[in-house]
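Quantities reported herein were computed from a predicted structural model and do not represent experimental measurements. Numbers here are sequence positions counted from 1.
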Amino acid sequence: MLRRLDRIRFRGHKREDFLDLAESPNASDTECGDEIPLKTPRPSPRDSEELRDPAGPGTLIMAAGVQDFNRTEFDRLNEIKGHLEIALLEKHFLQEELRKLREETNSEMLRQELDRERQRRMELEQKMQEVLKARSEEQPAQPQQPPKGQSQASNGTGTERRSQGLASRVQKWFYERFGEYIEDFRFQPEENTVETEEPLSARRLTENMRRLKRGAKPVTNFVKNLSALSDWYSIYTSAIAFTVYMNAVWHGWAIPMFLFLAILRLSLNYLIARGWRIQWSIVPEVSEAVEPAKEDLTVSEKFQLVLDVAQKAQNLFGKMADILEKIKNLFMWVQPETTQKLYVALWAAFLASCFFPYRLVGLAVGLYAGIKFFLIDFIFKRCPRLRAKYDTPYIIWRSLPTDPQLKERAGATVSRRLQTASSRSYVSSAPAGLSKDEDAGRFHSTKKGNFHEIFNLTENERPLAVCENGWRCCLINRDRKMPTDYIRNGVLYVTENYLCFESSKSGSSKRNKVIKLMDITDIQKYKVLSVLPGSGMGIAVSTPSTQKPLVFGAMVHRDEAFETIFSQYMKITSAAASGGDS
């Protein structure tokens, strides 16, 4: 740093730009040493004539003085400028050093540690005083030879002293053996440690996300293997696992079997940690390419990196929040008909555990779990419509609302009441000659004609009150390859049994889309452009007739539409399930 400062200090004009000190007319003894010989120019005849002239010397001396003054002022300014730059650089370096020292040494932590050391020192001093006091009591005073007349009196006092010395020795021995354990039970004030929060850093955020992914990898692999067993990904492995499990449950060896599997897994992990290459998985692991971390990133790359990490964190936290909110709403009677089923099941399990032996209850639970995991779930995953009708846990979980869905329901209920009130006022103000059917046809007719004629439906199928005017959107059919068929603009309607999309382009009715709600296998919110902020403005609907989900994008009222479609879908599936049970 000193070399750098020296370079900065002598930075300025080149040396050739200045006159030599010896040739300078105002060179003083302080500016040039005695070792440098002064070069005195010889006066020419012309100069001698000018010197003889009375006006000449004064003019020359004045010009030389002005030039001298200008040079000295310029040199001083350059010198001051150099000193100022050096001072600024020193200030900058000192600020950096001060900042590093503050980061390395946290004064608050040092102060807390100093207080703890002081308290510990006081405790040690107190212990030392107690030990010294005990030792002073142990050392008996040197007995003086009493006179013969007082021998009997001194015998009584000697026995008392011996008993006191024995008690102190027993106390010392007990303290030496068990004092350390007794000190562990001493109550101490709780220490309030303040954790230091790290500043926001793109690199740190990315590294934490990678650590979370690596830490959750064993759990995700375990879940994938269980799912592969249930899906019969490997027929032989699933058959062996099903046979072993059912035999273990039938003979009462289910818990020892699980404990043995845990011991086997730990043994394999030990061998892997020792360097053995053991890899056993039902689902083959796909190694992901790890991108090397870049040291120097541009501003745009850092911004994009933060956006990617923030999007992943947002989606992860959203899924976790949905799961926790559904569990909370299940136990808080937010949806009473769902919580009532859980309440009845808990009472039945309680009564069964009270009146039936544990072996019988465990056998029944184990057999049901095995059949449900290996057989029933396999059938339900292969038959989505059957699962939507009879898979009770799946239906209950899908019907449980989250907190944002509850807010949307409350808002939709208020808007529905307002629309109902406005429709009633319109009906009351309609002409008396119009019948109800004509009035309903007026309400549920589109720009191109009556609703049921456009979509080839029965007259009973009309849009719901929430979407009587429809939701403007664009249909993205990713199964089509032509640009004209890939994206269509139009209006989306929801009836009691169908999901109807009316294309805005004039032409045949083939551009319209009608989806039966019972045929829907999956419905979820969708984000068409991942680079845009927010959760998106689309809804993805999966059906058996399409390979890829149909996406209704660019919906301004996406949440209202999703809530309406989902509630109508659950209403139809629950009604079908109750009809099948009856």
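Checked by atom type and distance alone, the side chain of Lys326 pairs as donor or acceptor with a backbone atom of Trp397 at under 3.5 Å. Thr339 places no side-chain N or O within donor-acceptor distance of the main-chain N or O of Pro336, the cut-off being under 3.5 Å. Using modelled atom types, one side-chain atom of Ser399 and one backbone atom of Ile395 make a donor-acceptor pair closer than 3.5 Å. Without hydrogens or angle criteria, Thr495 side chain to Tyr498 main chain gives a donor-acceptor distance under 3.5 Å. Looking only at distances, a side-chain donor or acceptor of Thr220 sits under 3.5 Å from a matching main-chain atom of Lys217. One N or O on the side chain of Ser353 and one on the backbone of Ala349 form a donor-acceptor pair closer than 3.5 Å. Between the side chain of Ser567 and the main chain of Thr564, a donor-acceptor pair closer than 3.5 Å is present. Remark: side-chain polar atoms of Gln568 are paired, donor with acceptor, to backbone N or O of Glu496 under 3.5 angstrom. When atom types are taken as modelled, the side chain of Gln524 and the backbone of Ala540 share no donor-acceptor pair closer than 3.5 angstrom.
For Lys341, the NZ atom counts as loosely surrounded, since its 6.0 Å shell holds 12 or fewer non-hydrogen atoms of other residues, nucleotides or ligands. Counting heavy atoms of neighbouring residues, nucleotides and ligands inside a 6.0 Å radius, atom CZ of Phe222 does not exceed 12 of them. For Leu261, the CG atom counts as densely surrounded, since its 6.0 Å shell holds more than 12 non-hydrogen atoms of other residues, nucleotides or ligands. Arg274 CZ: 12 or fewer foreign heavy atoms inside a 6.0 Å radius.
The two residues Ser503 and Asn512 have their closest heavy-atom pair at N-OD1, 2.9 Å. Among all heavy-atom pairs drawn from Ala388 and Tyr569, the shortest one is CB-OH, 4.0 Å. Between Asp519 and Pro544 the shortest heavy-atom distance is O-CD, 3.0 Å. Nearest approach of Gln405 to Leu400, heavy atoms of both residues: OE1-O, 4.1 Å. The minimum heavy-atom distance linking Val494 with Trp471 is given by the pair CG2-CZ3, 3.7 Å. In this structure, Val491 and Asn469 approach most closely via the heavy-atom pair CG1-O, 3.9 Å.
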Arg214/Glu207 under salt bridge (charged side-chain N to carboxylate O under 4.0 Å, His left out): CA gap, chis, key distance, verdict: CA-CA 10 Å; Arg214 290 194 299 266; Glu207 182 63 26; 3.5 Å; yes

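No side-chain heavy atom of Arg488 sits under 4.5 Å from any side-chain heavy atom of Cys474.
The aromatic rings of Tyr493 and Phe455 sit perpendicular, their planes meeting at an angle over 60°, well past the 30° parallel limit. Ring planes of Phe350 and Trp347: perpendicular class, angle over 60° (limits at 30 and 60°).
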Throw together a table of side-chain donor-acceptor distances under 3.5 angstrom for residues 359-383, partners on residues two or more places apart or in other chains.
{"residue": "Lys372", "atom": "NZ", "partner": "Asp377", "partner atom": "OD1", "Å": "2.6"}
{"residue": "Lys381", "atom": "NZ", "partner": "Asp231", "partner atom": "OD1", "Å": "3.1"}
{"residue": "Arg382", "atom": "NH2", "partner": "Asp231", "partner atom": "O", "Å": "3.4"}

For residues 249-260, which side-chain donor-acceptor pairs fall under 3.5 Å, sequence neighbours excluded?
none

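Classification of Lys525 and Glu563 as a salt-bridged pair fails, no side-chain N sitting under 4.0 Å from a carboxylate O.
In this structure, the separation between CD on Glu453 and CD on Glu459 is 8.0 Å, given to the nearest 0.5 Å. Note that CZ of Arg210 is 11.0 Å distant from CG of Leu205, once rounded to the nearest 0.5 Å.
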